[in-house]
Amino acid sequence: MTTRAQEPYEESAGRPEGHATHDVTNQPPPLAPYDAFDDAALREGLRREGAGWAEEELRRLGSRAGSVAAQEWGDLANRHEPVLRTHDRYGNRIDEVEYHPSWHHLMRVAVGEGLAGAPWADDRPGAHVARTAGGLVWGHTEAGHGCPTSMTYAAVPALRAQPDLAKVYEPLLTSREYEPGLRTPTEKRGLLAGMGMTEKQGGSDVRTNTTAATATAEPGVYTLRGHKWFTSAPMCDVFLVLAQAPGGLSCFLVPRVLPDGSRNTFRIQRLKDKLGNRSNASSEPEFDGTVAWLVGPEGQGVKTIIEMVNCTRLDCVMSSATLMRKTLVEAGHHVRHRSAFGARLVDQPLMRNVLADLALESEAATTLTLRLAGAADRAARGDAGEAAFRRIATAVGKYWVTKRGPAFTAEALECLGGNGYVEESGMPRHYREAPLLSIWEGSGNVNALDVLRALGRSPATAHALFGELALARGADGRLDAAVARLESGLAEASESGARRLVELMALTLQASLLVRHAPAAVADAFCASRLGGDWGHSFGTLPAGADLDGVLARALPGEG
């Protein structure tokens with residue numbers, strides 16, 4: 001006797017036609033391929049800051065960044081994380097990190113497109129702006145591989161403190177050739193640089209470092225002994241490292257492979273198990289008799305390496321702005337194709353307010369990033385005023401834009417609802433990435449205090465900042481009032497109030513740029529909400545008079 005449970009199942013039995021359980025409706029199509037350069041604020045900033053000549057190259061890069069293949073590389077590089085190999089099969093110490101092939105694909109494009117050290121070998125005005133814009137575009141793939149390219153870019157000006165070393169290594173650090181693997185540096189077509197500053201007992205307080213540098217009989221050559229706490233991209237070819245020499249904290253160049261082809265002592269104790277940025281290996285290396293070359297004078301390590309920090313801080317701002325733009329594009333795509341309660345999400349007033357609010361934040365971040373890049377470019381060419389502006393504005397931007405990233409990314413993820421909480425959407429990866437940028441190169445407190453330090457030590461920085469703000473004087477009463485509050489706040493600046501002061505600096509600076517360069521819909525809504533007090537405590541609380549249509553038409557062309 002056969003029970004009903006044992007009877008053969010007929011798939012169509014009892015089911016009305018057209019009601020298959022897995023018919024997919026009301027879901028957006030894949031975003032890729034798309035154009036990551038399709039960003040009005042980015043294109044306009046590129047031209048304004050002197051790098052319009054790079055537009056066609058960036059347009060091509062934008063298409064490649066948004067391609068199905070490149071988006072898949074970003075996903076795979078994070079799903080298949082780096083693996084530490086301390087020894088080979090025979091027991092020999094090798095201290096190597098293996099990456100998924102997708103990591104190398106991403107790196108090859110990034111280096112080949114000049115996103116590492118190449119601008120330092122490019123005499124064209126705007127070369128550094130073009131590189132930053134390239135990061136804003138190519139960063140739509142994934143963020144982790146931006147770490148070694150950023151450090152390589154930042155190492156060049158620091159290395160110039162030691163001309164004999166720069167003569168050998170700078171041509172390789174500015175190369176557009178990506179050549180992975182540990183070999184004699186001078187036999188490779190291109191090099192990557194890392195940095196090793198922090199130690200477990202001090203973190204940002206690098207002056208408490210205990211790694212010791214002992215001079216050898218050869219001038220300029222030392223041996224190091226100590227343990228670094230957070231050294232990213234350990235498969236780079238050379239590292240700038242801080243260590244205590246007899247004359248005080250000093251900067252050193254540490255190669256992974258010595259000139260004779262032998263391995264330098266660089267024992268990787270472990271890789272960090274990080275919240276995000278998982279495609280990029282971050283390690284704890286141990287030095288024990290490690291050969292290093294002095295960069296700059298003994299005792300001047302912080303002064304020597306500070307230029308590297310300024311460069312990487314700019315890249316933190318850039319990476320946060322990129323993450324904002326990427327997640328805004330993802331959210332806009334989703335709500336354009338998703339319906340609820342009888343209408344497309346993008347047509348519903350409250351969702352439009354959320355998207356417009358995010359779009360304002362994204363444009364302000366992108367515009368400030370490119371202004372900072374322009375200052376860096378002009379400072380590198382000897383403009384003292386731009387150097388002073390860069391000194392303070394980069395720290396201000398680093399503090400504020402990176403702080404806005406996590407809240408922004410969370411709101412963009414929420415636009416996708418439950419779909420955004422699923423790994424396949426990519427949004428969880430972006431969300432995990434967002435907090436890194438406010439921590440890397442000094443947390444919020446470090447950057448806020450650095451702004452106070454700059455104001456105290458160099459009056460030219462305040463003059464440069466207010467000179468920039470003055471360019472928008474009279475254009476918006478809310479901005480003028482905020483600048484007046486800032487001037488009053490400077491007179492009462494204190495350490496405990498540093499965050500409030502720097503936040504006001506950032507908002508007035510962003511507003512002044514938007515008032516001068518953005519459409520009225522963008523500038524007015526930004527000033528009304530961020531400076532005028534007509535704003536709530538979360539995204540999506542823009543005032544009733546804000547031109548949401550105008551903001552969205554600019555930020556998300558075709559989203560309607």
Side-chain angles (χ1 to χ4, degrees), residues 22 24-34 36 38-39 65-66 68 70-79 139-144 274-279 319-363 365-366 401-438 536-542 548 551-552 555-556 558-560:
H22 285 281
V24 177
T25 61
N26 199 27
Q27 290 285 355
L31 172 61
Y34 72 101
D38 187 13
D39 180 354
V68 173
Q71 292 296 306
E72 185 177 21
W73 293 343
D75 177 62
L76 291 173
N78 282 272
R79 290 183 183 274
H140 278 239
T141 55
E142 74 94 39
K274 299 175 294 184
L275 169 67
N277 202 252
R278 300 184 73 89
S279 69
S319 295
S320 283
T322 305
L323 197 57
M324 289 182 188
R325 179 63 189 174
K326 169 64 172 173
T327 54
L328 175 62
V329 169
E330 294 277 3
H333 176 75
H334 180 87
V335 301
R336 184 185 183 189
H337 294 91
R338 181 87 164 174
S339 295
F341 309 111
R344 289 191 311 164
L345 290 178
V346 74
D347 295 327
Q348 300 188 22
L350 188 52
M351 179 59 78
R352 294 184 71 76
N353 196 311
V354 171
L355 281 178
D357 212 350
L358 292 173
L360 292 178
E361 196 75 30
S362 176
E363 176 151 356
T366 296
V401 175
T402 63
K403 281 282 181 212
R404 300 297 291 155
F408 184 107
T409 309
E411 194 68 57
L413 183 155
E414 189 175 322
C415 290
L416 277 67
N419 290 324
Y421 205 68
V422 175
E423 283 292 337
E424 288 175 312
S425 73
M427 296 298 270
R429 168 159 58 92
H430 304 322
Y431 183 60
R432 290 191 297 269
E433 187 71 29
L436 167 66
L437 287 315
S438 64
H537 295 286
S538 65
F539 288 107
T541 54
L542 293 176
L548 305 184
V551 173
L552 289 175
L556 299 169
E559 295 298 344

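Since this is a predicted model, take the numbers as computed values, not measurements.
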To check you understand the geometry: which heavy-atom pair defines the closest contact between [X] and [Y], and what is its length?
| X | Y | value |
| --- | --- | --- |
| Cys415 | Val354 | SG-CG1, 4.0 Å |
| Gly420 | Ser425 | O-OG, 3.4 Å |
| Thr141 | Ala65 | CG2-O, 3.7 Å |
| Ala359 | Ala555 | CB-CB, 3.4 Å |

Side chain to side chain donor-acceptor pair (under 3.5 Å) partners of [X], counting only residues at least two apart:
| X | answer |
| --- | --- |
| Glu361 | Arg404, Arg530 |
| Asp75 | Arg79 |
| Asn78 | Glu142 |

By ring-ring contact (aromatic ring centres under 6.0 Å, His included) - contacts of Tyr431 (at least two apart): none
Nearest 0.5 Å, what's the [atom1]-[atom2] distance between [X] and [Y]?
| X | Y | atom1 | atom2 | value |
| --- | --- | --- | --- | --- |
| Leu358 | Glu411 | CG | CD | 6.0 Å |
| Leu416 | Glu330 | CG | CD | 7.5 Å |
| Leu437 | Ser320 | CG | OG | 3.5 Å |

Got a sec, which residues hit side-chain contact (heavy atoms from CB on, under 4.5 Å) with [X], two or more places apart in sequence or on another chain?
| X | value |
| --- | --- |
| Lys403 | Tyr399, Arg499 |
| Ala434 | Leu323, Pro406, Thr409 |
| Pro33 | Val68 |
| Ala340 | Leu345, Gln348 |

Residue of the set His334, Met427, Glu424 for which side-chain contact (heavy atoms from CB on, under 4.5 Å) holds with Asn419: His334
Can you tell if the side chain of [X] reaches within under 4.5 Å of the side chain of [Y], non-hydrogen atoms only?
| X | Y | value |
| --- | --- | --- |
| Thr541 | Asp357 | yes |
| Val551 | Leu542 | no |
| Leu355 | Leu328 | yes |

Pairwise ring-ring contact (aromatic ring centres under 6.0 Å, His included) hits with a residue in residues 408-430, at least two apart: Phe408-Phe539
Backbone of Glu363 reached by a side-chain donor or acceptor of Thr366 within 3.5 Å: no
His337 backbone acceptor or donor facing Arg344 side chain under 3.5 Å: no
Between His140 and Tyr34: side-chain donor-acceptor atoms closer than 3.5 Å: yes
Listed partners of Arg338 passing salt bridge (Lys or Arg N to Asp or Glu O under 4.0 Å), at least two apart: none
Which residues share a salt bridge (Lys or Arg N to Asp or Glu O under 4.0 Å) with Arg429, sequence neighbours left out: none
Neighbour count >12 (heavy atoms, 6.0 Å) for atom CD, Glu423: yes
Which pairs of donor and acceptor atoms, one on a side chain in residues 24-32, lie under 3.5 Å apart (sequence neighbours left out)?
from  : atom 1 : to     : atom 2 : distance (Å)
Asn26 : OD1    : Ser339 : N      : 2.8
Asn26 : ND2    : Ser339 : O      : 2.9

